[in-house]
Amino acid sequence: REREREKGSGGREMRGKVERELRPGTTNATARRLCANSNARGASSTTSAQARQRHRPSFFDTRRRGEEKRQKKRELFKVCATSLNPAASSMMLKTYDINELNQAEKESISTRPRIDFESIQAIVGPIVDDVKERGDQAVKDLTAKFDKCELDETCVRLEDVPWPEGIPKSVTDAFDVAYENVKVFHEAQMQAELKVETMPGVTCRRVSRAIGAVGLYVPGGTAVLPSTALMLAVPAKVAGSKTIVLATPPRKDASISPEVLYCAKKAGVTHLLKAGGAQAVAAMAHGTETCPKVDKIAGPGNQFVTAAKMMLQNSEAMVGIDMPAGPSEVLVIADKGAEPAHVAADLLSQAEHGADSQSVLVAMKGVNMEEVQEEVRKQCDALPRYEMAVKALSHSFVVQVDTLEQACDFSNIYAPEHLIVNVEDAERCLDMVENAGSVFLGRWTPESVGDYASGTNHTLPTYGYARMYSGVSLDTFQKKITVQSLSKEGLLNLGPAVEIMAEVEGLEAHKQAVTLRLRSIKS
């Protein structure tokens, strides 16, 4: 409304003309004329640079507008963009031929956009220090600053918080299904004590013990993620952790999403920290007046959360983390039998996560790329998170390959968070997969099932970290302790070798610890 008052009646009339004339069959020349005239009419009271900025056809910031108005803006954008740059509105994914790439080029296109951690740490460092020094008050002040929310309390015991009301039964039923599947899968990861006699009289064991206090970070910026509360809290509870702190950003009224609260209570969370960002990570790492200090922090987050986790694990806070994390990503391997609509939906399922997400299609011979591209355009246009998906697609790409072996080879170089194998006899691909966070085999296994309810965990390494990290599992919340016990016979058998090795390394006290015992046995 303010823009239209500035532009005057001329701008309003031309806008109406543009919308009336936007219909199927509009020519590129007409589009240029309409866009140019619309820009020109409202520029009389401003400089030409300001006018260009105000009238540039940008229709991505439309979340609070009605769907009908948003659709009109999309149509105008597409016609104008097509006339000036056909690739802009078609969302064409850049395509590479694997046979034209050398090893260095394969690695180059697999490199994610660089994150400037130095600049981010310059912002995160003072936040972490502030929380360490001022505790709860710092968390309150920082939450007011970043989340525009005034907190009366920062961390509460979840047993004192009533179960949320007003959630439809169909929603809680869906959460209950996911809870049971995640619980069953992680309970199956419990390992019996390992016990081996390595030589007569020498017994070695490995036992599992829960990490006593763990912190779980559940994002809440661009989307509410109750599924993440389940994915983190269920294995922590199964592992046997006694203190489970869940941190999630509050809403403007200082309340917590009822869906996140339901999942947290169901999964056995003990404390709820009403904070997000680096300040929440710092509160769990150092502890505050109301928030227990934890021994390990797990969960995804934005670049500030990730920077805080990485910074604190190397500090006097003495806290571990699950893994570094970056923007979400998917790599889809498809053959000629893959349904284009399914392939497009899988690519968009990650693109809608955020503007910095990435979707990669590795297409084997026979894949109809025109149909896939058309499905991407059609489905993306209907997404509520259309703006984010479009931006993510702008740095996504396609790699064309001849064989499944080439496809898996490139996937291993890329090391995706999610790997979808939409090919005939997908099982044969599994032995060739070396680097991936989670794999989805076959025509009927979309990535979404793992994100929500199949039972596997959706907290996975991104940004290429699948080369050396695993996703969250029962092991994330446990320690492995080794045990050895020797009989007299065992020490007689093993002792001489230990004496020699200690002497080689010049560690006389090590040698004496064995030698004195051997003398006692022989005497």
Side-chain angles (χ1 to χ4, degrees), residues 87 89-99 106 109-110 327-354 357-386 388-430 432-433 436-452 454 458 460 462 466:
S89 66
S90 64
M91 305 174 202
M92 293 290 290
L93 299 175
K94 186 170 184 178
T95 301
Y96 301 92
D97 186 332
I98 197 72
N99 298 308
K106 294 175 188 176
I109 65 173
S110 298
S328 190
E329 60 199 23
V330 66
L331 186 146
V332 179
I333 298 176
D335 65 6
K336 64 181 180 181
E339 174 62 45
H342 298 174
V343 174
D346 288 337
L347 295 171
L348 290 169
S349 69
Q350 291 308 299
E352 72 173 352
H353 265 296
S357 298
Q358 190 171 56
S359 299
V360 177
L361 172 60
V362 179
M364 297 173 63
K365 282 186 175 180
V367 173
N368 189 325
M369 284 308 304
E370 289 186 5
E371 288 190 26
V372 172
Q373 295 277 16
E374 178 57 31
E375 281 291 339
V376 168
R377 288 193 294 269
K378 182 173 67 175
Q379 294 183 34
C380 184
D381 190 54
L383 293 176
R385 295 165 70 88
Y386 167 85
M388 291 185 181
V390 168
K391 291 176 182 177
L393 290 173
S394 70
H395 47 257
S396 299
F397 59 91
V398 178
V399 177
Q400 294 182 320
V401 300
D402 297 330
T403 66
L404 185 60
E405 287 74 18
Q406 284 181 322
C408 291
D409 177 66
F410 179 78
S411 177
N412 287 328
I413 294 172
Y414 185 83
E417 176 190 16
H418 306 97
L419 170 59
I420 298 175
V421 185
N422 190 343
V423 302
E424 191 68 27
D425 191 18
E427 192 70 32
R428 65 192 173 97
C429 179
L430 187 56
M432 293 185 275
V433 175
S438 191
V439 182
F440 304 80
L441 291 177
R443 307 282 194 212
W444 311 110
T445 316
E447 179 272 335
S448 313
V449 297
D451 259 1
Y452 292 111
S454 67
H458 79 199
L460 303 167
T462 66

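Excluded from the calculations below are hydrogen atoms, water molecules and symmetry mates; all remaining heavy atoms, backbone and side chain alike, are included.
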(message) Under the criterion side chain to side chain contact (heavy atoms under 4.5 Å, CB included), I'd like the reasoning laid out for E447 against S438: C-alpha separation, chi angles, the key distance, then a yes or no.
(response) CA-CA 9 Å; E447 179 272 335; S438 191; over 6 Å; no
(request) Would you list the pairs meeting side-chain hydrogen bond (donor to acceptor under 3.5 Å, both in side chains) in which at least one residue belongs to residues 392-401, sequence neighbours left out? (result) none
(request) Would you name the heavy atoms of N412 and M432 that are closest together and state the gap between them? (result) ND2-O, 2.9 Å
(request) Measure the spacing between CG of D381 and CG of L383 and express it to the nearest 0.5 Å. (result) 8.5 Å
(request) Test side chain to side chain contact (heavy atoms under 4.5 Å, CB included) on F397 and V360 and set out the steps. (result) CA-CA 5 Å; F397 59 91; V360 177; 3.7 Å; yes
(message) For E417 versus P327, what's the shortest heavy-atom pair and its separation?
(response) OE1-O, 4.5 Å
(message) Quick check on side chain to side chain contact (heavy atoms under 4.5 Å, CB included): which of V401, V423, D425 does D335 satisfy it with?
(response) V423
(request) Would you kindly say whether Y414 and Q358 are connected by a side-chain donor-acceptor distance under 3.5 Å? (result) yes
(request) Step by step, work out the side chain to side chain contact (heavy atoms under 4.5 Å, CB included) result for E329 and S359. (result) CA-CA 6 Å; E329 60 199 23; S359 299; over 6 Å; no
(request) List the steps and the verdict of side chain to side chain contact (heavy atoms under 4.5 Å, CB included) for R385 and M388. (result) CA-CA 6 Å; R385 295 165 70 88; M388 291 185 181; 3.3 Å; yes
(message) Looking at every heavy atom in both A392 and A351, which two are closest together, and how far apart are they?
(response) CB-O, 3.5 Å
(request) Measure the shortest side-chain to side-chain distance between N422 and E339 over non-hydrogen atoms and say whether it is less than 4.5 angstrom. (result) no
(message) Is the shortest side-chain heavy-atom distance between Y386 and C380 below 4.5 Å?
(response) yes
(message) Are the side chains of P416 and S411 in contact, using a 4.5 Å heavy-atom criterion?
(response) yes
(message) Is there a side-chain contact between E375 and K378 in this structure, where contact means two heavy atoms from C-beta onward sitting under 4.5 Å apart?
(response) yes
(message) Could you report the tightest heavy-atom contact between G442 and A426, atom names first, then the distance?
(response) N-CB, 3.4 Å
(message) If we count only N and O atoms by modelled type, under 3.5 Å, do the side chains of S357 and Q350 hold a donor and an acceptor together?
(response) no
(request) Find the distance between CG (L404) and CD1 (I333) and round it off to the nearest 0.5 Å. (result) 6.0 Å
(message) Assess, by modelled atom type and distance only, whether the side chains of N99 and D402 contain a donor and an acceptor separated by less than 3.5 Å.
(response) yes
(message) If I compare all heavy atoms of H342 with all of W444, which pair ends up nearest, and what's the gap?
(response) CE1-CZ3, 3.9 Å
(request) Look at K336 together with E424 and state whether they make a salt bridge at an N to O cut-off of under 4.0 Å. (result) no
(message) L361: which residues meet the side-chain contact (heavy atoms from CB on, under 4.5 Å) condition with it, sequence neighbours left out?
(response) V332, A334, V343, L347, A363, M369, V372, V398
